Number of protein chains: 2
Amino acid sequence: MNLELTPVQAVACCSPLSREPLSASEAEGIAPLLKALADPVRLRLMSLVASHEGGEACVCDLNGAFDLSQPTISHHLKVLHAAGLLEREKRGVWVYYRARTDALANLAALIGGHSK
Amino acid sequence: MNLELTPVQAVACCSPLSREPLSASEAEGIAPLLKALADPVRLRLMSLVASHEGGEACVCDLNGAFDLSQPTISHHLKVLHAAGLLEREKRGVWVYYRARTDALANLAALIGGHSK
DNA sequence: CGTAAATATTTACACTCATCTATGTCTTAA
DNA sequence: TTAAGACATAGATGAGTGTAAATATTTACG
């Protein structure tokens with residue numbers, strides 16, 4: 001049983017980096033989100049999904065964009081989903097992923113924000 | 001001899017994630033920046049420096065905030081500096097670090113931005 | 001049912017990374 | 001010159017990670 005908050009829920013907690021020091025626990029909550037994004041393949045996956053028409057894409061749209069095996073892409077999608085950056089929805093044989101733009105916006109505000 | 005661009009120079013290249021797919025080379029340029037931030041200790045270091053009065057802090061201000069050895073903090077500062085997120089300046093015995101807020105702003109725009 | 005297609009899981013491995021201890025370098029002061 | 005303090009580097013180690021191959025699961029359709 002796992003009742004922890006997903007990383008995406010932890011990012012809305014804090015004021016921007018430049019405003020006040022992050023506590024240790026806040027930093028430990030946010031780092032996994034950045035870690036999930038900090039990979040070239042996952043960055044491209046996020047941008048492919050986020051910029052895809054309708055704001056979603058199925059795995060079949062994504063596999064072809066990489067020189068990687070299908071299980072590897074599936075693994076990266078799982079990491080992004082576990083971090084809360086992608087939503088998953090199964091429709092028939094296909095699985096559609098959708099970007100959590102709210103999570104991306106919160107993360108961006110944390111990194112680059114100035115005001116409270 | 002190392003003539004490569006620092007990661008911080010690579011982040012100003014691209015439109016936001018949600019706007020159009022990132023190319024492989026763009027993603028490979030940006031991922032190291034996120035990787036540098038994707039650690040709880042380095043996140044706290046960045047926020048400690050960025051929110052410190054005058055926008056800078058010396059290592060002596062930072063060491064005490066962690067239960068880590070001085071070489072470990074020095075290592076993390078080096079990683080952030082290599083990524084282009086921190087500037088280094090030696091003044092007398094002390095070394096002062098300053099946050100590259102422009103780099104943070106560019107990164108934030110890439111992650112959370114909407115317009116071109 | 002049986003088969004094919006789309007996606008996920010498992011296992012294994014090479015590689016990277018965060019951390020420590022020990023040591024080095026540089027600066028200031030006595 | 002010697003000593004002490006601030007910070008960096010080097011080397012070692014245990015934990016974590018990206019990838020592929022093989023296999024499993026789920027769904028659709030004869």
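Just so it is clear, the structure is predicted and the values come from calculations on it, not from any experiment. The sequence lines fix the lettering, A, B, ..., with proteins before strands; numbering per chain opens at 1.
- Scored by the side-chain contact (heavy atoms from CB on, under 4.5 Å) test, B:Glu20 finds B:Ser15 as partners (sequence neighbours excluded).
- For the pair B:Asp61 (side chain) and B:Cys58 (backbone), a donor-acceptor distance under 3.5 Å is present.
- Put simply, the side chain of B:Asn106 never gets that close to the backbone of B:Ala103: no donor and acceptor are under 3.5 Å apart.
- Contacts of A:Arg42 with the nucleic acid, taken as non-hydrogen atoms under 4.0 Å apart, involve only primed sugar atoms and P, OP1 or OP2.
- Residue A:Arg91 is classed as having no contact, given no heavy-atom separation below 4.0 Å to the nucleic acid.
- A heavy atom closer than 4.0 Å to some atom of DNA chain C occurs in B:Leu68, B:Ser69, B:Pro71, B:Thr72, B:His75, B:His76, these being the qualifying members of residues 68-80 of chain B.
- Among the atoms of the strands shown, only primed sugar atoms or phosphate atoms (P, OP1, OP2) are found under 4.0 Å from some heavy atom of A:Tyr97.
- The structure places NE2 of B:His75 at 13.0 Å from CD of B:Gln70, a figure rounded to the nearest 0.5 Å.
- Within the structure, the side-chain hydrogen bond (donor to acceptor under 3.5 Å, both in side chains) test picks out the following pairs touching residues 33-53 of chain B (sequence neighbours left out): B:Arg42-B:His76.
- At whole-Å resolution of the value, CG in B:Asp39 and P in C:dT16 are 18 Å apart.
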Next on the checklist: Quick one, B:Val59 with B:Trp94, criterion side chain to side chain contact (heavy atoms under 4.5 Å, CB included). Give me CA distance, side-chain angles, the key distance, then yes/no.
Outcome noted: CA-CA 7 Å; B:Val59 182; B:Trp94 296 279; over 6 Å; no
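- Remark: C1' of C:dA18 and CG of B:Leu43 are 15 Å apart, rounded to the nearest angstrom.
- Atoms SG and CD1, on A:Cys60 and A:Ile73 in that order, are 13.0 Å from each other to the nearest 0.5 Å.
- Residues A:Pro21 and B:Leu48 meet the side-chain proximity criterion, which asks for heavy atoms closer than 4.5 Å.
- Side chains of A:Thr72 and A:Ser69 form a contact here, defined as non-hydrogen atoms less than 4.5 Å apart.
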Got a list of side-chain donor-acceptor pairs under 3.5 Å for residues 85-93 of chain A, not counting sequence neighbours?
unit_1: A:Glu89; atom_1: OE1; unit_2: A:Arg91; atom_2: NH1; d: 3.1
unit_1: A:Arg91; atom_1: NH2; unit_2: A:Glu56; atom_2: OE2; d: 2.7

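- For DNA chain D, the contact window with chain A, defined by any atom under 4.0 Å from a protein heavy atom, covers D:dT17 to D:dA28 in 5' to 3' order.
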Using the 3.5 Å cut-off, write out each protein N or O paired with an N or O of nucleotides 24-27 of chain C and the distance between them.
none

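- At least one side-chain heavy atom of A:Val41 sits under 4.5 Å from a side-chain heavy atom of A:Phe66.
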